[in-house]
Structure formats: structure tokens, C-alpha cells
Amino acid sequence: MSDASYLSLEKLTLAYGDSVAVANLDLDIRKGELIALLGPSGCGKTTTMRAIAGLLAVKSGHVRLDGADITRMPANKRAVGLMFQSYALFPHLSVYENVAFGLKLKGMRGTELETKVQSGLKSVGLSTFANRKPAELSGGQQQRVALARSMVMEPKVLLLDEPLSNLDARLRLEMRTELQRVQKETGVTMIFVTHDQAEALALADRIVVMKSGKIEQIGSPEDIYNRPTSSFVADFVGFENIFPLENGKMKTSAGLIDLSGKAPSAAGLAWRPRMVTLGTGPFQGTVRGTSFAGDAREYLLDTALGPIKAEVEASQPPHALGAGLTFDLPAEKAAPLSRFV
Amino acid sequence: MTARSLFIPITLLLVIAFLIGPFLIIVAASFSAGETLAFPPQGFSLRWIAKVFTVESFRASFGMSLFLAIGGTAAALVLGIPASYALSRYKLPGAEIVRTIVSAPIIVPGIIVGLALLRYIVVPFQVGITLALFLAHTALVLPYAVRVVSASLDNLRSDIEEAAVLLGSSRLGAFFRVVMPNIRGGIMSAFILGFVTSFNQVPVSLFLSGPGVRTLPVDMIAYMEIVFDPSVAALSSLLAFLSIGIVFIAERFLGFSRYV
Ligand SMILES: Nc1ncnc2c1ncn2[C@@H]1O[C@H](COP(=O)(O)OP(=O)(O)OP(=O)(O)O)[C@@H](O)[C@H]1O
Ligand SMILES: [Mg+2]
């Protein structure tokens, strides 16, 4: 086992009956890494997590953890923790008993158990809630109990399936910080699933973007945010103006178009709204829609190239609906895409 | 008040009278001092209440009914809990058919069940009456057990079982550690409902009685054919209060009506 592959998925194929949900997935994760699994609904994120945890039988391929092939190992022997979106706390047990559940099954008793559970509760700030039932806690508190329950088991890998999606915006931010702190303190290898690219960018060491059962791109948050390699990822992380390239020319509804500046050799180019230059340039558009987003103003332009989204600082004077504007798509600012789908 | 506004209260009173009336008549009759079952009761005494406890056959058939109600219901739960679990957790191909078959005894009149059991099980296979009664009562209670237990299983998230497994429990262990404790109320309710159903069962038991082997309700019918004294009324009152007591306690401590 090399350090770079503490957890590795090799040609992993997962299916429900005959319908394949995840195909030939390869992924290597370092010890202590925090990985975000990002992708649209139904792309196979939960399926992959369940297979790593051992809750779903693998159709073909391998799962290796800490040097051992765990592909066929029963879920209760894997030392893999999973935090469910629903928290899945045991409703009949107190917070203390919930956290003690797995430790007791390990045979831990007496003061050792007591100490361990208390320190687990303390690490998520719930010491005073030990005797409550899960139903008597808020969503955020239940989440913490679930985290403590998984963490006291000292899992080799902790999987989190949309851990923050049931929380309101403020709690989300709080729990996000909490997860990051626990991960840094314990050094546990973590994979979390999210729909929310901001969350993935803020938390992860590396981001895995999935699309219909396959990995679309793996990279650091900077890579994913600034250098998407495919039109799918570009679209997912907010490049809203995406065009294919043909012989260095942009292919649009108005035919092949030359760009200002030198177009790189790529399959496509993508611009974030704020990479579009408004007011000067070779192209002409009409303001079709506008929206104010605090520090910026967004325009939707009707152009010969198709709809273009542009964003400028809110301090700039606004353009009215129906106004004609010139604009530019500078090639040197664009993200070059190696795959256009 | 108009005639219209009187209509509803009067209907309500009539319904209550029809529901509660017979019960009140029986209770009143059991305190009669007279020699025959009659209403209004003649005088007041506890002699018929006392007599109930001295009738030998009542004691034997009460024991039999108690055995059937407890044993049959317990057996129905032992079969019904795993069945409900399988029906609610796995998408089995024939699940709907199984559900229908399991609830058949609720739909099929008891008298047919009793006759069929006698004709096709007891006679050809020489099954003893006690065993036949036990099987019959188990089968009768099973649909109630499945229905009530299923209802509480459907209300229980299934991901807690997976959580238990990931914390080191086996699948079976997870069932006993996190499923059973959470459906305890449903199981207790199923037990009480099954107990009362079995205890009050007449048509099936009517076919399955033999020398010295009778359930209490069947025995009471037989007794009344010979002796027409108020002791049957007294016994009925005692049983009614027993049932009411059980249901009251169940409602108080389990929220029984949630499950039924
Ligand atoms: N129990 C199941 N039986 C059959 N197909 C399933 C089952 N669970 C998921 N699928 C299918 O497998 C594919 C992947 O589903 P999965 O739940 O892994 O998606 P996901 O990425 O977690 O989506 P979401 O973001 O909505 O949670 C989907 O096409 C889904 O319809
Ligand atoms: Mg999912």
C-alpha cells in the first residue's frame, strides 16, 4: 500500500438488479484526506458510499482499505463509519446510549466506556444533553450526536452523505466548521457527499465530480473552480457561457466565430459571467434580463451567439432592459475544456 | 329548539342506547336475587357472581380460553413479527399475495374457518382438539398481529438498522437491538388485541370442542341451554369488566388506539 492509496476503488461497478448505477470507477484516497463527492442528483454518490460501507454488494471491481481487500467484508467488520442524511439516531436510546452503542458492541465497559462516551460528547459540545432522547434535540444537535457516535468508533474512513443538507444556512456554516475541526483534530479520512459546490470548495482537500456513474474530474478546489476540464464540470461550477471550439473558432448558433485574442487548442471554452467584458468588444447584444445580487449585477443578453450571461460590479451604472450593449469574450480569460459533452 | 337541531342529539342518544343498553341490562341482571335470568332484576345480591366461581366447567373452560388467548397470541406474534418485518423491509415478489392470504381469516367468516379446520385437518389427521383449537386461534390472531406490527414497523425508519450494523452489530443483532425496542408498543398492542379477539372467539371454537375441552364462551352457551340462571350474566359482566380494564390500561400506558 502506498500512502497515496489508503482507500482505493478499483474498476468499481455497482448495480441495482440489471441497471448499472456506477461503472468502472477508479479512485485513490490518501490517509487523512477530506474528499468531497460532488455531482447532480442520481449520479451515484450515495450508491458509491454504500458500497464503501459494505451496505451494497459490489458487482465487480475492488475496494481496498488500509492494505486489505474489503470488497466482500461484511459491513460490521469494516471500521467504516457512515453518517446518514437522516442522522439515523436510535430513537429509543438516550444521547449517551446512542454514542455508547458501538463501543459496547466492541466489549467496552465501565469507566473506560464512560470516559470515552463523555469525551465524544464533549468534543461536539453536547455533554449536558447526555440524558435526552434524540426527539428532544434540534436538527443540529442530532447531527452532532450522529457525528460523535461515528467518531468514538475511530473509523478508518468516515463517510458523510449530505451531512448538512437538512440544516438551515447558519447552522450549515457552523457544522461545516465543526466537521473541518473534527477532521483536522483526529486526522480521520473523510468522504462527504454534497450537492453544494460552495460547500465542497470550502471543505475539501480534493473534489471528485461525478456524472451518471462515472468520475468526470478529480482535483483540488482550485483546479475544479478555475480549471474545469469538461463542459459538464464547467457548467456545474458556474461557468455559464460555454462554447465548443472548431479549428480555433467558436461554434455558435451564428456559425463559426473568431475570438479576440488567440484561442487555445481545446475542445471548448468556458467563461464565468464576470469574465465577460461589457461595454466594449466585437459582439453585440440586447439586455433581456437583469438581477441584482448585492455586490454585483447580472445581465442576460440576447446575442447572435445565443444567450450570454455577464456580471459586473454593482457600482457600475445599470443598463436598462432592452438596451443594446457591446461585449467581448476574451479568449485568454476563458477556461479551456478538453472534453465537450 | 327546532326539530332539526334535536335530530342529531336524539340519534346520538339512540346509538348510545343500542350500544350500551344491552351491556347495562346484563350488568343489572347479574346482581339479581332471583332464580332466573330476568330484567328488571329481582332484588339485589352477589350470589350469582359468587356462583360463577364455583361452577367446575367454567373454571376448566376459563383455563382453556386463557391458555388459547395467551398461547395462540404468542404463537401468532412469533410468526407475525418476522412476517411483518419481511413484508415491510423487503420488496418480495409475492408480498401482496402473502399480505392477502395472511389477512384472509379476518374476511372469511369464522364459521367457515371452523368447519374447514374440522373437516380437513382435525378429522383426517386425527389432530387432538386442544392442538386444533390452538392452531385455529393462532391462525385467527395472526392477521391482527401482522397488521398492528406492520403499522408500527412502517413508522420506523429502516436506516437505523444500517447504522447499527455499521457500528458493529450483526443484521440479526440490529433487529433485536434497535427494531424490537422501537416496536414494543406495537407488539404489546397486538398482543392485547389478539388476546381479546381470541378470548371472545365463538364460531371457530364451536366446531372444535370435545369432551372436557371447551373455550369459555362456548361453555357459557352450553350452560345456558341447560340452566337459565343469572350466573351467565354475572360471568359476562365479569369478562366485560376484565376486557375494559385491559384496554383501559393499554390505552393509558401504550396509546393503544394509535396501533389499532
Ligand atoms: N434502491 C435502488 N433501487 C434501484 N435503483 C436505485 C436504487 N437507489 C438508487 N438507484 C438508482 O441508482 C442511481 C444512483 O443513485 P444514487 O442514490 O447513488 O444517486 P445520488 O448521486 O446519491 O443522488 P442524490 O444526490 O439525489 O442523492 C440513480 O439512477 C437511482 O435511480
Ligand atoms: Mg444520495
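Chain identifiers are assigned alphabetically (A, B, ...) following the order of the sequence lines, protein sequences preceding nucleic acid strands; residue numbering begins at 1 within each chain.
Within 6.0 Å of the OH atom in A/Tyr16, the count of heavy atoms belonging to other residues, nucleotides or ligands exceeds 12. The environment of B/Leu13 atom CG is dense: over 12 non-hydrogen atoms of other residues, nucleotides or ligands sit within 6.0 angstrom. The environment of NZ in A/Lys106 is crowded: more than 12 heavy-atom neighbours from other residues, nucleotides or ligands sit within 6.0 Å. For B/Ile8, the CD1 atom is loosely surrounded, since the number of other residues' heavy atoms within 6.0 Å does not exceed 12. Counted within 6.0 Å of CZ on B/Phe23, heavy atoms from surrounding residues, nucleotides or ligands total more than 12; the atom is thus considered enclosed.
Put simply, the side chain of A/Pro155 does not reach to within 4.5 Å of the side chain of B/Leu166, judged on heavy atoms. Side chains of B/Asp159 and A/Tyr87 form no contact here, defined as non-hydrogen atoms less than 4.5 Å apart.
Between chain B and the residues A/Ala146, A/Gly102, A/Ser86, the largest count of heavy-atom pairs under 4.5 Å involves A/Ser86. Among the candidates B/Glu161, B/Glu162, B/Arg171, B/Arg157, the residue making the largest number of heavy-atom pairs closer than 4.5 Å to chain A is B/Glu162. When each of A/Pro91, A/Ala53, A/Ser150 is checked for heavy-atom pairs under 4.5 Å with chain B, A/Pro91 comes out on top.
Under the 3.5 Å distance criterion, the side-chain polar atoms of A/Asn76 are left unmatched by any main-chain donor or acceptor of B/Val165. Put simply, the side chain of A/His92 never gets that close to the backbone of B/Val179: no donor and acceptor are under 3.5 Å apart.
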Inset, instruction - Would you check, one step at a time, whether the test side chain to side chain contact (heavy atoms under 4.5 Å, CB included) holds for B/Arg177 with A/Phe90? - result: CA-CA 10 Å; B/Arg177 289 190 186 99; A/Phe90 308 130; over 6 Å; no
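Of all non-hydrogen atoms in A/Ala88 and B/Ala163, the two that sit nearest each other are O-CB, 3.8 Å.
Contact annotation for B/Ser170: both backbone and side-chain heavy atoms come within less than 4.5 Å of a heavy atom of chain A. In this structure, the portion of A/Leu89 lying under 4.5 Å from any heavy atom of chain B is its backbone and not its side chain. A/Arg78 does not touch chain B: none of its heavy atoms, backbone or side chain, sits under 4.5 Å away. Of the two parts of B/Ala164, the backbone and the side chain both hold a non-hydrogen atom closer than 4.5 Å to a non-hydrogen atom of chain A. When heavy atoms are compared at a cutoff of 4.5 Å, A/Leu82 approaches chain B by way of both its backbone and its side chain.
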